Structures are given as C-alpha cells and as structure tokens.
Amino acid sequence: MERLWGLLQRAQRLSPGPSQTIYKRVEGTQQGPLEEEEEDREEGTEPPAHFFPMELRGPEPLGSRPARQNPRLWAAAGRRATPYLVLTALLIFTGAFLLGYVVFRGSCQACGDDVMVVSEDMNHELSPDSHQGTLYWSDLQAMFLRHLGEGRLEDTIRQTSLRERVAGSAGMAALVQDLRAVLLSQKLDHVWMDTHYVGLQFPDPAHPNALHWVDAAGKHGEQLPLEDPDVYCPYSATGNATGELVYAHYGRPEDLQDLRARGVEPKGRLLLVRLGVINFAQKVASAQDFGAQGVLIYPDPADFSQGPHKLSLSSHRAVYGHVHLGTGDPYTPGFPSFNQTQFPPVQSSGLPSIPAQPISADTASLLLRKLEGPVAPQEWQGHLPVSPYRLGPGPGLHLGVNNRRASTPISNIFGCIEGRSEPDHYVVIGAQRDAWGPGAARSAVGTAILLELVRTFSSMVSNGFRPRRSLLFISWDGGDFGSVGSMEWLEGYLSVLHLKAVVYVSLDNAVLGDDKFHAKTSPLLISLIENILKQVDSPNRSGQTLFEQVVFNNHSWEAEVIRPLPMDSSAYSFTAFAGVPAVEFSFMEDGPMYPFLHTKDDTYENLHRVLRGRLPAVAQTVAQLAGQLLIRLSHDHLLPLDFGRYGDVVLRHIGSLNEFSGDLKARGLTLQWVYSARGDYIRAAEKLRKEIYSSEESDERLTRMYNVRIMRVMRREESRGRTLGLPTGGNRRNRRGWQRGGRTGLGARPSQEKPTASESRG
C-alpha cells in the first residue's frame, strides 16, 4: 500500500492541475460523432452543468494541446496502480457478499412453514382512497360482519320464491331486469348481461305425456294418472315405449346387474326406479346401457324423513329432473350458444335415446301392485302401501313422451369489483336464479345470499376496501336444465377463464337443512375451508364455531365435511371443463334429504318449517363462509391454495387401484408410472414452496408470478389448439364471426377448436 501511495503522489506532482474529460456539442450536427476534449481547469472550477447530444471521439494526437506534461509517466503510474485497486475492490465486495448471505440465510431458516400461509396480521393493503390507512385481516373481517345483514336475507328469499322463474318465461325476463337494476345501484365497477339462445325442452300442452296399460294384444287399456301433468324430464327422448314393467330399485348399474342375476332381464322392458342416490340422468343412462325401453322415476317415502314432526312429500307429487348426462346446451356441444348462431347438426352424447317420465308415489303404488315374480331383496323394500315389493315382470305398459324442443333466450347477469393489483385475475361467485316451481331451496336462497354479498362488498368498497384481485358476482340462468347458463359462458370465454379465474364459489343448494354441513370442493381449497370454519359461528350451537360442530361426533373433520363435486352442480363445470378450483357449501338434514327439492312444494314456508325457524341464521352462516372465503382469495398477497395436497390425493387413489394390480399385470401394465408421476409432482411442489419461502413478499412482480403458477396447478394441458394468452380487449373476430369485446375481458369470445362431446360434457 505504501508503494501504491508513493506512485499516486508522484503522478500528482507530475500533473500541474486537474484534468477532466468533458463532452462538447459538435456544431452543425445532431447525430455526428461525439468529440472528447481534455480541458485543464483551475482548482475549484465546476464542470459544465448542462450536457448536449454528444458523441465520443478518440484522443487528439500527441502535441496538439499545449497543456500536457509527461503523459507517459502518468500512464505508467496508472498501470502500476490498477492491479492494487482491483484487488482491494474484490476483497471489499467478497466480504460484503458473504456477510449478506449469512444474514439472509439465517432469516430464511427462521421463516419455517408458516410462510406458506399468509399471516392474518401481515396481509394488508394501502388504499389510496381510504383515510383509514392499513386494513388488516381482523379489520376486514369485522367490516364484513358489520355490513352483512340477516334481515335482508329472509325477506329476499321470500320475495324471490314467490316470482315465476322458469327459464325463458315472461316472469324470468322481468326478474332479470329487476336484478340488473339492483346491481347497478351498488358500488360495482361494471354490470352487464350475457344472453344465450339455447335448446330447452318443455311439455307440449296440446299433447301431454301419457301412461297406459297394454293388454296381451298390444292394445291400449286404462290410462294411469299422471297427477302432475306438467312435471317432466327435460331432454328425455320423445316418442313411445312399450314393454313389461320391472322394479329396479335406484336404477344403478349394480342394481340392474343384481336384477339380471335374479333371473329378471331388464332388456326390452320399462323400468320403475326410485328417486335418490344417483341423479335422473345416471338412472336413465344405466337403463339404456342395459337395453331397457324406458324409465319411470318415483319418490318412495322410505327415502324421506319419517315421523310425526317431520314434513314429508305428498303422495301425489312427482319430482322434476333433467336426464341429460352432462351440462350445458346438449344441442351445441362444445360451442357457446350466442346470437342464435348456426352450428353443425351434432348433439351431446349424453342425451338419452329412451323416454323417461317422473310419476308420483300414488301412481307407483298402482304399478307395484301389478308386479309378479321374485320378491325384491329386503334392502329394496320401500314404504309404499304394497307388501312386499316384487321385481316383476308385470303387465305391459305404454309410455308416450311428447316434450317439445324450443330455442330459448337465457340471460346471465354479472357484477364486477375490479382488483387493484391483479385486476385480470377473477374470484368468481355464482348462484342459480331459475327454478321449476317456487324453488325456495333450489335457487331463492342462493340468489338472496348472492345479492347480500354484492351489497356487503359494495359497502366495504365505500369504506376503503379494495381487493387485490377482481370479484365477479354472477346470477345464472338455465340451471334446472343442467347448468346451461354457466356452461355456455364457460364454453364462450374458456380461453380467458382457463388462465384468469382463480376459484369458483357456488351458492346453489346452500340450505337444505341445518344438522350437517358439507363442502363439495377441490383439494386445493380444503386447508382454506378448515381455516374459515374455525372463524364462523355455528348457526344452531351457541358458543361453538362451525368447525367445533362438525368435529363433535367425528374427529376427522375432512371425513365429516368434504365431499366430491356433483355433476349437476355449476361448480363441477368449472373444475371438470375449465380446470378452475371450485367449492359448493350445503347445510343438510341429518338423515333423509330435503323432501321438496324440484317440486311444487319447494316453498319458503316449507323450507322455514323444515329448519324450524332457523332459515335466516343458516343462510347468514353460508353468507359468512362464502364472504370470508372471498376476502381471503381476493385479498391475500399469496393465493391461499394448498397446492401440495394433490400428492396425498393421488396416493389415496393409488391405494384404491392396488386391488386391480393382478388384472393390470395380466395385461402387462403396472402402477409404477403413477408412483413416478406423484413423485414428480411432489418434487415440483416442494421446489415452488422453497422459491416462495426465499422470496420477498413486497415484490409485486414475484408475487404475481407465484400466484399464476399456483393457479395453474389444476389447469389441464389442452391440446385442442386453444388460443392462450389472448388480450382481454380488442375487436378481433374468430372463425365463427363473433364480436370480441367486454368490460372485464370476460365479454370476449375467444376462438377455439371444437371439442368432442365427451370432453365438453365432463
């Protein structure tokens, strides 16, 4: 160092004054070469304050300037000093780097696994429009509960159930305008509607469906009463079916196998099956697979609540249900039904080829009395005044189904609160609006909760809340025909939703009782649901949270609460078709199901009686669950989705497949590839978790990147040529000539290849 200092002093003595390199404008040109000049300045002289467009020019020849002394000595001194300066800088940099690494590594190890769950008190926002400053989770929770009103829910359920809400009806058109006006009155950023022209089936008043006895010669005999002539099975095959009658329990494949094993052949016959266990479409599909000619579906009293204080379905009531094994408009599979656009003449493979008709318990009693043959197994016996139930066959029957198809406009209604940091990521919540009959439990409760959540979040926005991600509230039409409204919207905007929808929350069938609570959901949401259950009070056990209620009789809360998504739910379409995690909450009766669903008796009064006056409290509990879930999903910096849980899910499925290992080996197959895939997934999830642990939460770019990766956990790898990453606006047209547009990007209709019917219908 002394040698270096001596060299520097020597160089200073050799130089008479400071030398600076400045840049000087070259007159007469704006983009010519830059001229570099060496100017000798007196001590303390300031360099020029303003710099002009310049270019660098090489040094002037030696001797061209008079103020230079011993340049070779100066250059020699600089060459000798350079290595020492470089070494000194490297030592300082290396020491600082090692110190910083040790400090950062220690802080990261201290984070632990809790980094994956966003801390309730660290999760906050700074709203530029709010005078309240930081909003913590506890603040948002208190704000939400303060604005949520129980009284409004009860009144909205009552008023909605009194209105005509059949899809395509004049009453529905009036309700659409009323709900749109309600959304426009709230503090929402955008409100709009989407209209689809879909193929729906309705009874033909001029040619009602009919059921007759048939004699041995094939002539029609006495007509059997269809006590609810306007109750029917949408999407049933039309026409006539004649055959002997056979009793087939619930119409499951195992029931029909058992029937055949007992010497009663279902092929070529009409099947009498009970309501329950599986849906209408699955019953008809199973009957068709076994060669049956048609299906009659009735409600057996054994499948409903019994007792002097329990309400039960009237014996002359039939139950409504569609028989399309799928969702959406079955006459435009894979295509969104916009603007009455013409499509190729294809139909969903889920449409049945045999007729089906609901009948009442009274009519079923008349049929069962005529059956002969073996006595039905004990578990097949019901509670109709027929003893015992027999399998048949019985006398011949003729079923005539004359439903008519009509192109019907249906309208979905949307309201959006735009997010402040990730406005193109949507947390979606929806409820079915239409209903066959009063539909109090079927859709009035969900509609009321949806409107109350809109009002509550609108009030929160007025008080300073602004979510990170956009909240999208949707009222669906056509739900009673197989989630037609939601599926058509998904088909139309799949390219956007596939990448932008975070989670879908369904409010359908939310209150069917108050004894048990079920969450039909995707594995990604299970941990978040557990957290929310611990913060919501039980509606019928004072002093307990909902989590404490569900674990009271079963310590495994997942076994008590978590259920798979049913195919007839709008949430199923989001998960199976679009790859979006979804959840549907339901309070149920302990025991038999709510008896009035899909009947003319599904009124506000009956639902109120079944819940013994607790309908408002239970509905508010669902609103609290859904609302707090929305806050976490739309407000947390890091999406609270447990992407590591799929490793456990796959392992459980592998365990169920092990019983077939012998059959697999006989075919030269093995489960090893499943184990390998699970291992790859676990390693990828762990790698992502570590990356998140070591990242900075305040880095918005990194946070968004990690959220996108978490969102794509459930996304299927599409190979159908869909356009990915399309902009959310613009005025392009796809190959079917639809106009792109829309306020939030979900009004766009992206082009997509036509999928097969099985792909588009789950």
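Keep in mind the model is a prediction, meaning the values are calculated, not measured.
With sequence neighbours excluded, the residues that form a side chain to side chain contact (heavy atoms under 4.5 Å, CB included) with Ala559 are Asn554, Ser556. Asp515 meets the side chain to side chain donor-acceptor pair (under 3.5 Å) test with no other residue; sequence neighbours excluded. In this structure, the salt bridge (charged side-chain N to carboxylate O under 4.0 Å, His left out) partners of Glu530, at least two apart in sequence or on a different chain, are Lys534. Annotation: side chain to side chain contact (heavy atoms under 4.5 Å, CB included) contacts of Ser470 (sequence neighbours excluded): Cys416, Glu418, Pro423, Tyr426. Remark: Ser459 pairs with no residue by the side chain to side chain donor-acceptor pair (under 3.5 Å) rule, at least two apart or across chains. Annotation: side chain to side chain contact (heavy atoms under 4.5 Å, CB included) contacts of Ser286 (sequence neighbours excluded): Pro253, Leu256. With sequence neighbours excluded, the residues satisfying side chain to side chain contact (heavy atoms under 4.5 Å, CB included) with Ser443 are Arg165, Gln432, Ala435. Evaluation of the ring-ring contact (aromatic ring centres under 6.0 Å, His included) rule for His425 yields no partner, not counting sequence neighbours. By the side chain to side chain donor-acceptor pair (under 3.5 Å) test, Ser314 is found to be paired with His316, residues two or more places apart in sequence or in another chain being considered. The side chain to side chain donor-acceptor pair (under 3.5 Å) check on Ser527 picks up Asp642, Arg645, with sequence neighbours excluded.
Using a 4.0 Å cut-off between a side-chain N of Lys or Arg and a carboxylate O of Asp or Glu, Asp178 and Arg163 qualify as a salt bridge. Under the 4.0 Å criterion applied to side-chain N and carboxylate O atoms, Asp189 and Arg466 are assigned as salt-bridge partners. Contact check on Asp477 versus Arg433 returns a salt bridge, with a Lys/Arg side-chain nitrogen under 4.0 Å from an Asp/Glu carboxylate oxygen. Using a 4.0 Å cut-off between a side-chain N of Lys or Arg and a carboxylate O of Asp or Glu, Arg274 and Asp255 do not qualify as a salt bridge.
Checked by atom type, the side-chain pair Ser337/Asp329 shows a donor-acceptor distance below 3.5 Å. Tyr504 and Ser570 share a donor-acceptor pair across their side chains, judged by distance under 3.5 Å alone.
Aromatic ring centres of Tyr320 and Tyr232: separated by under 6.0 Å.
Classification of the Phe596-Tyr594 ring pair by plane angle, with boundaries at 30° and 60°, yields perpendicular.
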Return all side-chain donor-acceptor pairs below 3.5 angstrom for residues 609-618, not counting sequence neighbours, or 'none' if the list is empty.
{"unit_1": "Arg609", "atom_1": "NH1", "unit_2": "Asn606", "atom_2": "OD1", "d": "2.8"}
{"unit_1": "Arg612", "atom_1": "NH1", "unit_2": "Val610", "atom_2": "O", "d": "3.2"}
{"unit_1": "Arg612", "atom_1": "NH2", "unit_2": "Asp514", "atom_2": "OD1", "d": "3.3"}
{"unit_1": "Arg614", "atom_1": "NE", "unit_2": "Asp514", "atom_2": "OD2", "d": "2.6"}
{"unit_1": "Arg614", "atom_1": "NH2", "unit_2": "Asp514", "atom_2": "OD2", "d": "2.3"}

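For residues 510-531, every residue pair satisfying the ring-ring contact (aromatic ring centres under 6.0 Å, His included) rule, not counting sequence neighbours, is listed here: Phe517-Phe585, Phe517-Phe587.
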(request) In sequence, state the C-alpha distance, the side-chain angles, and the governing distance for Arg152 and Asp155, and then conclude on salt bridge (charged side-chain N to carboxylate O under 4.0 Å, His left out). (result) CA-CA 5 Å; Arg152 296 184 184 89; Asp155 185 61; over 6 Å; no

